[in-house]
There are 2 protein chains.
Amino acid sequence: MKIVFIGAGNLATNLGNALHSAGNDILQVYSRTFESASTLATALGGAPVINIEDVTKDADVYIISVKDSAIADIIPSLCNGRDDKIFLHTSGSVPLDVFKGMAQHYGVLYPMQTFSKTKLLDFKNIPFFVEGVDDLAFETSHHLADSISERVYILSSEARKHLHLAAVFACNFVNHCYEISSELLGKHDIPFDVMLPLIKETANKVHHMKPDEAQTGPAVRYDQNIIRMQSEMLRDNPIFKQIYECMSISIHHVAQKKGDNK
Amino acid sequence: MKIVFIGAGNLATNLGNALHSAGNDILQVYSRTFESASTLATALGGAPVINIEDVTKDADVYIISVKDSAIADIIPSLCNGRDDKIFLHTSGSVPLDVFKGMAQHYGVLYPMQTFSKTKLLDFKNIPFFVEGVDDLAFETSHHLADSISERVYILSSEARKHLHLAAVFACNFVNHCYEISSELLGKHDIPFDVMLPLIKETANKVHHMKPDEAQTGPAVRYDQNIIRMQSEMLRDNPIFKQIYECMSISIHHVAQKKGDNK
């Protein structure tokens, strides 16, 4: 298919490379800055574009991978005069309806993964969640996802919103726990590397048991002396201290609810 | 060496199996309940003990792997009359001093990992942090760690306390984020399995880049509409909502401090 990418960030870079490798023709990459447009366009064999008016009308599909808050802004000028084209956005949180009244054939192509420009991922195991307002949009989204991934699911906007929130916990908040851990170690000149086997096993464990069965540590044992001492160790950083406290309370609550006694 | 295990929980089960496989002789396993003592003792070829007075005096080393709050309680009766023996505890948070005045040769043998009885781990890559009050205790702890792991570090009680706090973030709080994610998905009948590729890649990423470089999602982009919407989606669960809010603020703060602009 002939594709134009709107956006050249982490997701667009990864998805663009995967769709390009799968044999699609990436005509153009639009970005507000020439540098990002050019970097990705060059990698995908397309042309960089920095004005939305210069986007070609020759593509079959326009894939919108800009940050969520910019999607609604870009749709009117992009979709105008392209009634026969297909428009897909790639966001977890933005509903299908964002296109309503602006285009005829629109859908969602959401790959649930954490992407970085510097680390191109194999899409084979990345779950895709697709949606379409009509057969053409739905089938195009499904087909594009199928061409690069073995895990394609059909999901409504409403369910996708909850999925994305769950992903924020499982990815962004998890990564922030890594950040805090790294910062605490750094203060005592302990290299973050020592934490990697624990990080790996913590992630690995929930591939084999439920997260609530996998839980260990002072909070699930409700070891109040340790909890008090550790909370106090964070007194210089009120936000980290607050995270420590509400996490510990929440772990204890969930364990209590489960009638657990680890 | 001839070893007695005090405790038969997740850590004792994993460490006991590893030390047994490395050729040590596990004479006894003490636990308050006969069932746990017996289960582990049988696996390790030792005898179960449920009264501390029945613990043999024939061992070289007594390894204390009970929950942190129980260590100080068990030390007096365990160490009494065994001045020539070596005592090691396996806790991240309890200082070496807990033995002070109660024993002659004492140390710490802390394997930093999350253990479950049902999942025996290979210790080769598990980092051990060792400490000893004298040469005998230090060398015994170091030797035992060396016999099963390639990553043995010498660390003071003070530094170990901070290491353990960092581990609580990188493991227990991370796992709690998985728990919350699983609960949110469950409410919308989405299987937790779909989250596994994201969980795996999130952990994998920090093996190759720093956690603050790896961060993605609404909070680091400071996408206030999404943050507000997602926070509101958690209104029925005040603790999860509070975790969401302080995590998002903290991610934004850290990114700001870094002058980041993802």
Side-chain angles (χ1 to χ4, degrees), chain A residues 10 67-69 93 112-114 125-127 159 162-163 165-182 184-185 188 190 194-203 206-207 211-212 214-217 219 221 223 225-226 230 233 239 242-243 246-247 249-251 254, chain B residues 10 67-69 93 112-114 125-127 159 162-163 165-182 184-185 188 190 194-203 206-207 211-212 214-217 219 221 223 225-226 230 233 239 242-243 246-247 249-251 254:
Chain A
N10 297 328
K67 62 178 181 175
D68 291 354
S69 52
S93 290
M112 190 173 67
Q113 189 49 282
T114 172
N125 291 311
I126 296 178
H162 292 280
L163 175 74
L165 176 57
V168 165
F169 277 91
C171 170
N172 309 146
F173 293 175
V174 160
N175 188 72
H176 192 54
C177 291
Y178 301 155
E179 282 187 272
I180 296 174
S181 184
S182 169
L184 297 174
L185 291 175
H188 296 87
I190 305 171
V194 301
M195 209 50 81
L196 295 177
L198 181 60
I199 285 172
K200 195 173 173 182
E201 174 60 14
T202 304
V206 293
H207 285 65
D212 57 353
Q215 191 59 285
T216 57
R221 289 193 304 263
D223 194 332
N225 286 331
I226 302 290
Q230 293 192 329
M233 285 165 69
I239 299 181
Q242 199 190 348
I243 291 175
C246 56
M247 278 283 185
I249 290 168
S250 186
I251 290 172
V254 169
Chain B
N10 296 329
K67 61 179 179 176
D68 291 353
S69 52
S93 289
M112 190 172 67
Q113 189 49 281
T114 171
N125 291 309
I126 295 179
H162 292 278
L163 176 74
L165 176 57
V168 165
F169 277 91
C171 170
N172 310 147
F173 292 176
V174 160
N175 188 72
H176 192 54
C177 291
Y178 300 156
E179 282 187 272
I180 297 173
S181 184
S182 169
L184 296 174
L185 290 175
H188 296 86
I190 304 171
V194 301
M195 208 51 80
L196 296 176
L198 181 60
I199 285 173
K200 195 173 174 182
E201 174 61 14
T202 304
V206 294
H207 286 64
D212 57 353
Q215 192 58 285
T216 57
R221 289 193 305 263
D223 194 333
N225 286 330
I226 302 290
Q230 293 191 328
M233 284 165 70
I239 300 181
Q242 198 190 348
I243 291 175
C246 57
M247 277 283 185
I249 290 168
S250 186
I251 290 172
V254 169

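Lettering of chains follows the sequences in order, A, B, ..., and the numbering in each one begins at 1. We use all heavy atoms of the structure for the numbers below, so side chains are in, but hydrogens, waters and symmetry mates are not.
- At a 4.5 Å heavy-atom cutoff, the contact between B/I226 and chain A is made by side-chain atoms alone.
- For a residue to count as touching a neighbouring chain, one of its non-hydrogen atoms must lie under 4.5 Å from one of that chain's; by this rule A/I180 touches chain B with the side chain only.
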Under the side chain to side chain contact (heavy atoms under 4.5 Å, CB included) rule, what do B/M247 and A/C177 come out as? Steps first, then yes or no, please. CA-CA 9 Å; B/M247 277 283 185; A/C177 291; 3.6 Å; yes
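- Residues B/T216 and A/T114 have side chains that bring a donor and an acceptor to within less than 3.5 angstrom of each other.
- Interface remark: B/V206 contributes backbone and side-chain atoms alike to the contact with chain A (heavy atom separation under 4.5 Å).
- Listed options A/Q230, A/K200, A/M112 were ranked by heavy-atom pairs under 4.5 angstrom with chain B; first place goes to A/Q230.
- In this structure, chain A has a heavy atom under 4.5 Å from the side chain of B/I190, while its backbone stays farther away.
- Proximity to chain A (any heavy atom under 4.5 Å) is restricted, for B/I239, to the side chain, taken from C-beta onward.
- In terms of heavy-atom proximity, A/A167 sits nearest to B/M195 at N-CE, 3.6 Å.
- Rounding to the nearest 0.5 Å gives a distance of 8.0 Å between NZ of B/K67 and CZ of A/R221.
- From B/I243, atom CD1 reaches atom CZ of A/F169 across 6.5 Å, with rounding to the nearest 0.5 Å.
- Looking at B/D223, only its side chain comes within 4.5 Å of chain A, counting heavy atoms on both sides.
- For B/H162, the parts sitting under 4.5 Å from any heavy atom of chain A are the backbone and the side chain alike.
- In this structure, chain A has heavy atoms under 4.5 Å from both the backbone and the side chain of B/I251.
- For the options B/V194, B/V168, B/L184, heavy-atom pairs under 4.5 Å to chain A are most numerous at B/V194.
- In terms of non-hydrogen atom pairs under 4.5 Å with chain B, the most contact-rich of A/L163, A/N225, A/L165 is A/L165.
- The CG atom of B/L198 sits 5.0 Å away from atom CD of A/Q113, with the distance rounded to the nearest 0.5 Å.
- Of all non-hydrogen atoms in A/T202 and B/Y178, the two that sit nearest each other are O-CE1, 3.6 Å.
- Across every non-hydrogen atom of B/A214 and A/N175, the tightest pair is CB-OD1, 3.7 Å.
- For a residue to count as touching a neighbouring chain, one of its non-hydrogen atoms must lie under 4.5 Å from one of that chain's; by this rule B/S182 touches chain A with the side chain only.
- Here the closest non-hydrogen pair linking A/A166 and B/S181 is O-OG, 2.8 Å.
- Note on B/G217, B/P197, B/P127, B/S93: by heavy-atom pairs under 4.5 Å with chain A, the leading option is B/P197.
- In this structure, chain A has no heavy atom under 4.5 Å from any part of B/A219.
- Between atom CD of residue A/Q242 and atom OG of residue B/S250 there is a gap of 9.5 Å, rounded to the nearest 0.5 Å.
- Most heavy-atom pairs under 4.5 Å with chain B, from the set A/V174, A/N125, A/I126: that is A/V174.
- Of all the heavy atoms in A/Q215 and B/N172, the pair that sits closest is NE2-O, 3.0 Å.
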